[in-house]
Number of protein chains: 2
Amino acid sequence: MVSRARTSTSARMSTSARIPVWEDALRQHGYRLTAPRQAVVEIVAESGRALNPTEIYDRARVAYPRLGLVTVYRTLEKLEELHLVQRVHRPDNCQAFIAGVEGHQHLLICQNCGRVQYFSGDQLEALIQRVEADTGYQVHDHWLQLFGKCGEC
Amino acid sequence: MVSRARTSTSARMSTSARIPVWEDALRQHGYRLTAPRQAVVEIVAESGRALNPTEIYDRARVAYPRLGLVTVYRTLEKLEELHLVQRVHRPDNCQAFIAGVEGHQHLLICQNCGRVQYFSGDQLEALIQRVEADTGYQVHDHWLQLFGKCGEC
DNA sequence: CCCACCGATGAAAACCTTTTTCAATGGACT
DNA sequence: AGTCCATTGAAAAAGGTTTTCATCGGTGGG
Ligand SMILES: [Mn+2]
Ligand SMILES: [Mn+2]
Ligand SMILES: [Zn+2]
Ligand SMILES: [Zn+2]
């Protein structure tokens, strides 16, 4: 039970509930909330998959056809700076972005459809201490990602 | 003691001992062992840090000035295919390569100087089972990387 | 030994993605 | 209305990787 409790997959905010939160965050940091930004925010906030800049561009242009690709890059830059999105690294593609979560969590990625889930509760402390003792390194951070096949695939 | 034994940092082949091994592997797969390839192999096999194609290019040209950057890319392609090198992903740079190791191991990377060490013996089985149960995903693979500061830094 | 073949090479061109530049736009505030 | 200035999209530039191509040169067969 104790060990069970240490791992949790996040019951995240529903994807559409993110939109007003992100919009507020942008405004509260002095950024204007413009139509092209809203178009980008809507796509990224609602996606359960990590998306490339060009994928975001293509999808957001459906709602806002005048959008320029540069604005996608610039909006992603701001969303990343505010920790609202994070980059997802995969063997073949490290240029994709997904909505972030608060605190320290890890990614579980479907190798088939790209669907992403977060989880937390790794127990790496003991491992890290051993590696530190063995190597003389001081460990300050870690990446853990699981890859597999999601329920739908 | 049991848990200690499950974690090990690899007492790897000395870096220079890799060179003949890699050269044999290339030959045995039908690739010719040419001077430009040898220059690339020597740099990558002997490096304790992950190197970009252009870093490899610059270093290898010291020994073989006629070398073209394209040959660096092509040689890396073959070394990766033979699992002699692997790509190292970092927050800011996913285009660097380091000598691989046999079997399943993980990377420990110095954030200051880029020095890389391998370790094995994570105990993720229980965590993975829990995440699978919670999410309905089937986990087939994982990435674990530690970042920190090495003894020299 | 000579030749034909073909893998390998480097230069140049093409390509693709990301960043920078720039003039124009249009909110926010007075 | 008028000023300020963040924001925008187009275009250019930059940066990195891949493709193309003519040439080179090692190897194996004649
Ligand atoms: Mn963790
Ligand atoms: Mn592992
Ligand atoms: Zn899936
Ligand atoms: Zn170091």
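In what follows, every chain begins at residue 1, and chains take the letters A, B, ... in the order their sequences are listed. Predicted, not measured: the structure shown is a model, and the values here were computed from it.
Considering only residues two or more places apart in sequence or on other chains, B/Phe147 meets the ring pair (Phe, Tyr, Trp, His ring centres under 6.0 Å) condition with A/Trp143. For B/His104, the ring pair (Phe, Tyr, Trp, His ring centres under 6.0 Å) criterion is met by B/His106, B/His142, not counting sequence neighbours.
Between the side chain of B/Gln145 and the main chain of B/Ile109, no donor-acceptor pair closer than 3.5 Å is present. Within the 3.5 Å criterion, the main-chain N or O of A/Gln95 finds a donor-acceptor partner in the side chain of A/Asn93. Of the possible polar contacts, one joining the B/Arg49 side chain to the B/Cys113 backbone as a donor-acceptor pair under 3.5 Å is found. The backbone N or O of A/Ala45 sits less than 3.5 Å from a side-chain atom of A/Arg18, completing a donor-acceptor pair.
Rounded to an integer number of Å, the gap from CG of A/Leu76 to P of D/dT8 is 12 Å. The OH-P distance, from A/Tyr31 to D/dC5, rounds to 17 Å in whole Å. Taking atom CZ of A/Arg61 as the reference point, atom P of D/dG9 lies 11 Å away to the nearest angstrom. The nearest whole Å value for the distance from the CD atom in A/Glu55 to the C1' atom in C/dT17 is 14 Å. Atom CG in B/Asn52 sits roughly 15 Å away from atom P in D/dG15 (whole-Å rounding). Rounding to whole angstrom units, CZ of residue A/Arg37 and P of D/dG9 are separated by 10 Å. Atom-to-atom, CG of A/Leu26 to P of D/dT8 comes out at 10 Å; the value is rounded to the nearest Å. To the nearest angstrom, P of C/dT17 lies 10 Å from CG of A/Asn93.
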With the criterion being N/O to N/O and under 3.5 Å, what pairs connect the protein with nucleotides 14-16 of chain C, and how long is each?
none

Please list, pair by pair, any protein nitrogen or oxygen found under 3.5 Å from a nitrogen or oxygen in nucleotides 18-21 of chain D.
none

Review item, nucleotides 23-30 of chain C N/O atoms under 3.5 Å of protein N/O:
residue : atom : partner : partner atom : Å
C/dG26  : N2   : A/Arg32 : NH1          : 3.4

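The 5' end of DNA chain C is approached more closely, in terms of each residue's nearest nucleotide, by B/Lys78 than by the other of A/Gln95 and B/Lys78. Nearest-nucleotide positions on DNA chain C for B/Gly68 and A/Pro53 put B/Gly68 closer to the 5' end.
At a threshold of 4.5 Å between side-chain heavy atoms, the hydrophobic network of Ile, Leu, Val, Met, Phe, Trp and Tyr places B/Val70 and B/Tyr64 in two separate groups.
Within the model, atoms CZ of A/Phe97 and CD of A/Glu55 stand 11.5 Å from one another, a figure rounded to the nearest 0.5 Å. B/Leu146 CG to A/Asp141 CG: the interatomic distance, rounded to the nearest 0.5 Å, is 9.0 Å. The distance from the CD atom of A/Glu80 to the CD atom of A/Gln86 is 9.0 Å, given to the nearest 0.5 Å.
Between A/Thr54 and C/dT17 there is no side-chain N or O to OP1 or OP2 distance below 4.0 Å.
Seen from the ring of B/Tyr57, B/Arg61 counts as a face-on cation partner, given the 6.0 Å and 45° thresholds.
If you check every strand for non-hydrogen atoms under 4.0 Å, A/Tyr57 touches nothing.
In this structure, of D/dG9, C/dA8, C/dT9, it is C/dT9 that holds the atom nearest to the side chain of B/Thr71.
Within the structure, the side chain to side chain donor-acceptor pair (under 3.5 Å) test picks out the following pairs touching residues 31-41 of chain A (sequence neighbours left out): A/Tyr31-A/Glu81.
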